[in-house]
Amino acid sequence: MATKQPAKPPAPPVQSPRTDDGDALVVERQTQQVKPPQMYQVVMLNDDYTPMEFVVVMIQEFFSKDMETATQIMLKIHLEGRGVCGVYSKDVAATKVDQVLEAAHKAGHPLQCVSEPVD
Ligand code: TYC
């Protein structure tokens, strides 16, 4: 004797999301993750007048490099025209530029440096 299976209850209707007041709620899927912040490199420029020793001291003092690393960076700038002293957030890079320019100006040297976005 064939037994009749009880009919399946109908699937409940798909509920669209609602607020507590019963209003329809639009749910958006966030497709893009938060990107890391743009970083900035502080680039020091060569000139013919600023003493090498002064540049080394600036790099040690404001970019926390040891004497050997600071000397290598200074020589790269001297030979190639420019060199990266460090990479920072936008505000910190701008502060480093200001500090170097102020110290150089006070010492009477034309040393220049700029901050630029890292690719
Ligand atoms: N070219 C300078 C000199 O011969 C030295 C120097 C190096 C200056 C680096 C600036 O960013 C600089 N005295």
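Remember, it's 1-based here, ligands and their atoms both numbered in the order they're listed.
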*Asks:* Write out each pair where an N or O from ligand 1 and one from the protein are under 3.5 Å apart, with the distance.
*Replies:*
unit_1: ligand 1; atom_1: 1 (N); unit_2: Asn46; atom_2: OD1; d: 2.7
unit_1: ligand 1; atom_1: 1 (N); unit_2: Asp47; atom_2: O; d: 2.7
unit_1: ligand 1; atom_1: 1 (N); unit_2: His78; atom_2: ND1; d: 2.9
unit_1: ligand 1; atom_1: 4 (O); unit_2: His78; atom_2: ND1; d: 3.4
unit_1: ligand 1; atom_1: 11 (O); unit_2: Leu45; atom_2: O; d: 2.7
unit_1: ligand 1; atom_1: 13 (N); unit_2: Thr50; atom_2: O; d: 2.9

*Asks:* In chain order, what residues pass the side chain to side chain donor-acceptor pair (under 3.5 Å) check against Thr50, with sequence neighbours excluded?
*Replies:* Asp47
*Asks:* The criterion is side chain to side chain contact (heavy atoms under 4.5 Å, CB included); which residues satisfy it with Ala94, sequence neighbours excluded?
*Replies:* none
*Asks:* After noting the C-alpha distance and the side-chain angles of Phe62 and Met44, does the key distance pass the side-chain contact (heavy atoms from CB on, under 4.5 Å) rule?
*Replies:* CA-CA 12 Å; Phe62 295 119; Met44 205 171 271; over 6 Å; no
*Asks:* Thr69: what forms a side chain to side chain donor-acceptor pair (under 3.5 Å) with it, not counting sequence neighbours?
*Replies:* Asp66
*Asks:* So do Ile59 and Ile77 actually touch side chain to side chain, heavy atoms under 4.5 Å?
*Replies:* yes
*Asks:* Spell out, as yes or no, whether a donor-acceptor pair under 3.5 Å connects the side chain of Gln41 to the backbone of Cys85.
*Replies:* no
